[in-house]
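Values in this document were obtained by computation on a predicted structure and should not be read as measured data. Residue numbers begin at 1 in each chain, while the letters A, B, ... track the order of the sequences.
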2 protein chains.
Amino acid sequence: MANRQLNPNSESTDNYLKAILALGGPEESRVTSNALARHLDVAPASITNMLQKLAAASTPLVEYERHHGVQLSPSGKKRALEVVRHHRLIETFLYEVLDYPIEEVHEEAERLEHFISERFEQRIAAKLGYPKIDPHGHCIPAMSGRMPKQSSMLLTEAALKTNVLVESVSDRDAGTLKLLKASGIGPGVQIRLQERTPASRCTVVVGRSSKMLELPENIAHSIRVRPLDK
Amino acid sequence: MANRQLNPNSESTDNYLKAILALGGPEESRVTSNALARHLDVAPASITNMLQKLAAASTPLVEYERHHGVQLSPSGKKRALEVVRHHRLIETFLYEVLDYPIEEVHEEAERLEHFISERFEQRIAAKLGYPKIDPHGHCIPAMSGRMPKQSSMLLTEAALKTNVLVESVSDRDAGTLKLLKASGIGPGVQIRLQERTPASRCTVVVGRSSKMLELPENIAHSIRVRPLDK
DNA sequence: CACGACGTTTAGGCATACCTAAATATTAGG
DNA sequence: CCTAATATTTAGGTATGCCTAAACGTCGTG
């Protein structure tokens, strides 16, 4: 037989909840064991084990059905949003107050998000003027609130020869962020997709200086944009 | 047979090293299992087990001899000082930058000290102007340095009717710190021990307003002072 | 609608760090 | 200097979270 008890305050629990939130998307659809295994880089069997514990906890953190994936319970969603809020506030704090280079905030936040107190969260939020987005352009979920819906699309899906605003960039890869910084691409910057080349490249125009750049697909794929108009 | 392998980066390892540093004192004398068990609130058998692992690690963190206690190895001391530096820098940061009440900095620092990066340490040190003491009056060990020796004594050991300066206060109990704050006692404040009553009380004079206070022994015992003269 | 590919779960194990109970070593008092 | 009290260690066990291998379910396709 496997293991019985969950530590509901562990880093591990936090990471499972975050992953279920992220993979479930705004519709909060059910998430499969397989998807979690890939996302968390953990063996599928370990996922099952952990999901069973998350579901069997005294205050269940997920709703789980054999062979049919999981969803966050209300408690689970609350904690997941709290951890995401911590992550993004910490990123903002590192960037704004401690002058971290943008590509290094994620790793530090990923560790610290599990360990800061309510008070710490409150104090950095106050210090930063209760920001609504982090340095990558991701929204910071409100204390008592929910995730606002994304109305954005991937740069690779944008209409050709149309100006768009960069809404956010993925924080997952430091190298990508460094490259984007060097290219002058970040949230709020205006860009235009010139062509969608078959060799998976995009050509774009940046800001007023209107540089031409070639972005490999994986880079272009880490940029979310929204129409300029409204 | 017991356990074999140490996780040299665990919170637990950090706490053992800190405890050995603290209990060994400036002379770095050997520390007994019993003292560690009391200090860490862990069963003596668990101490032995952990000490054996700390000593048997690929880079040993302690020098251990059966029935004769432990001492930090050079690597162990380096890490212990690093953790103490983290702790005290974080306390200073929480107090100076995030406006924490003094009695709440310890608990937060105690958690975060294990998880911050070198960069985080550097950045908050820079932000604070490379402070040498924390808000409780404890010295912050230098990056490449050692603990400066304390030339102070406990208030309960001070000469009677002689002005002394408060050097530091213990950070271990939030209640004590709150009481001291309310009494106006903190690092740099001038006080004088009026009498050493048998019922374990001390009467003191605080600063220019020269209030008379009665301090229970446990409170007086949490204050370190040094002569005013030099 | 049966079968095979793939996803998921069960079973059994390992590692870290804790525990208690029992055995053994050290030390202090007479 | 021997014994009793105390400190320490050994032995064996628990809890959490990970692993692999093998069994089992689900579902698309022929």
Side-chain angles (χ1 to χ4, degrees), chain A residues 1-20 23-24 29-71 76 79 111 114-115, chain B residues 1-20 23-24 29-71 76 79 111 114-115:
Chain A
M1 188 42 88
N3 308 312
R4 324 227 126 273
Q5 287 247 112
L6 173 74
N7 174 354
N9 300 315
S10 72
E11 220 176 318
S12 195
T13 296
D14 282 354
N15 288 333
Y16 274 81
L17 298 177
K18 264 207 312 181
I20 296 166
L23 294 174
S29 43
R30 299 192 82 87
V31 176
T32 65
S33 295
N34 211 3
L36 283 168
R38 261 181 285 109
H39 191 86
L40 294 172
D41 193 24
V42 151
S46 306
I47 299 287
T48 297
N49 193 318
M50 189 64 168
L51 294 184
Q52 289 171 343
K53 291 196 289 187
L54 288 167
S58 59
T59 50
L61 295 166
V62 301
E63 278 146 33
Y64 168 70
E65 206 182 337
R66 268 172 98 249
H67 289 287
H68 295 283
V70 278
Q71 258 181 313
R79 176 59 184 167
R111 250 178 302 113
H114 311 290
F115 305 111
Chain B
M1 190 41 88
N3 307 312
R4 327 225 125 275
Q5 287 247 111
L6 174 74
N7 173 354
N9 300 316
S10 70
E11 220 176 316
S12 195
T13 297
D14 282 354
N15 287 334
Y16 273 81
L17 298 177
K18 262 206 315 180
I20 296 165
L23 295 174
S29 43
R30 299 190 84 86
V31 175
T32 66
S33 294
N34 210 1
L36 283 169
R38 261 182 286 111
H39 190 85
L40 294 173
D41 193 23
V42 152
S46 306
I47 299 288
T48 299
N49 193 321
M50 189 65 168
L51 293 184
Q52 287 170 345
K53 291 196 291 188
L54 288 166
S58 60
T59 50
L61 296 166
V62 301
E63 280 147 32
Y64 168 70
E65 205 182 337
R66 268 173 97 251
H67 288 287
H68 295 283
V70 278
Q71 259 180 314
R79 177 59 186 166
R111 250 179 302 115
H114 311 289
F115 306 111

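Residue A:S10 places its side chain closer to D:dG17 than to any other of D:dG17, C:dA17, C:dT9. Residue B:P44 places its side chain closer to D:dT8 than to any other of D:dT26, C:dT8, D:dT8. Distances from the side chain of B:N7 to the nucleotides D:dT26, C:dC18, C:dT16 place C:dT16 closest. Nearest to the side chain of B:A45, among C:dA17, D:dT10, D:dT20, sits D:dT10. Closest approach to the A:A43 side chain among C:dT20, D:dT20, D:dG17 is made by D:dT20 (side chain taken as heavy atoms from C-beta onward). You'll find that the side chain of A:N34 is closest to C:dG7, out of C:dC18, C:dG7, D:dA11.
The separation between B:H67 atom NE2 and C:dA25 atom C1' is 4 Å, rounded to whole Å. Straight-line distance from the CG atom of A:L40 to the P atom of D:dG17: 13 Å, rounded to whole Å. C:dT8 atom P lies 18 Å from atom CE of A:M50, rounded to whole Å. One interatomic measurement links the two molecules: CD of A:E65 to P of D:dT26, which rounds to 10 Å at whole-angstrom precision. For A:L51 and C:dT9, the CG to P distance is 7 Å, given to the nearest whole Å. The nearest whole Å value for the distance from the CZ atom in A:R30 to the P atom in C:dT8 is 12 Å. Residue A:N49 contributes atom CG, which lies 19 Å from atom P of D:dA23 at whole-angstrom precision. A:N9 has its CG atom 10 Å from the P atom of D:dG17, to the nearest Å.
For B:S33 (side chain) and B:T48 (main-chain N/O), no donor-acceptor pair under 3.5 Å exists by modelled atom type. Listed for the A:R30 side chain is a donor-acceptor partner under 3.5 Å among the backbone atoms of A:G69.
For the OP1/OP2 pair of C:dT16 and a distance below 4.0 Å, the side-chain nitrogens and oxygens of B:Q5 include at least one atom meeting the criterion. Contact between the side-chain N/O atoms of A:T48 and the OP1/OP2 oxygens of C:dT10 is not found at any separation under 4.0 Å. Within the 4.0 Å cut-off from OP1 or OP2 of C:dT16, not a single side-chain nitrogen or oxygen of B:Y16 is found. Residue B:Y64 places none of its side-chain N or O atoms closer than 4.0 Å to OP1 or OP2 of D:dT8. Within the structure, every side-chain polar atom (N or O) of B:K53 is placed at least 4.0 Å from both OP1 and OP2 of C:dT16. Checking the phosphate oxygens (OP1, OP2) of D:dC19, a side-chain nitrogen or oxygen of A:S46 falls inside 4.0 Å. For the OP1/OP2 pair of D:dT10 and a distance below 4.0 Å, the side-chain nitrogens and oxygens of B:R66 include at least one atom meeting the criterion. Applying the 4.0 Å criterion to OP1 and OP2 of C:dT10, one finds that A:Q52 has a side-chain N or O inside that range.
Among the heavy atoms of the strands lying under 4.0 Å from B:S12 are primed sugar atoms or P, OP1, OP2 only; no base atom is included. At a threshold of 4.0 angstrom between heavy atoms, the contacts of B:L6 are confined to the sugar-phosphate backbone, with no base atom among them.
Sorted by first and then second residue, the pairs that involve residues 6-17 of chain B and meet salt bridge (Lys or Arg N to Asp or Glu O under 4.0 Å), not counting sequence neighbours, are B:D14-B:R79.
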Got a list of side-chain donor-acceptor pairs under 3.5 Å for residues 60-68 of chain B, not counting sequence neighbours?
none

Stepwise side-chain contact (heavy atoms from CB on, under 4.5 Å) test for B:L6 and B:M50 = CA-CA 8 Å; B:L6 174 74; B:M50 189 65 168; 3.6 Å; yes
Begin with the C-alpha distance, continue with both residues' side-chain angles, and end with the deciding distance and a verdict on side-chain contact (heavy atoms from CB on, under 4.5 Å) for B:T32 and B:V70.
-> CA-CA 7 Å; B:T32 66; B:V70 278; over 6 Å; no
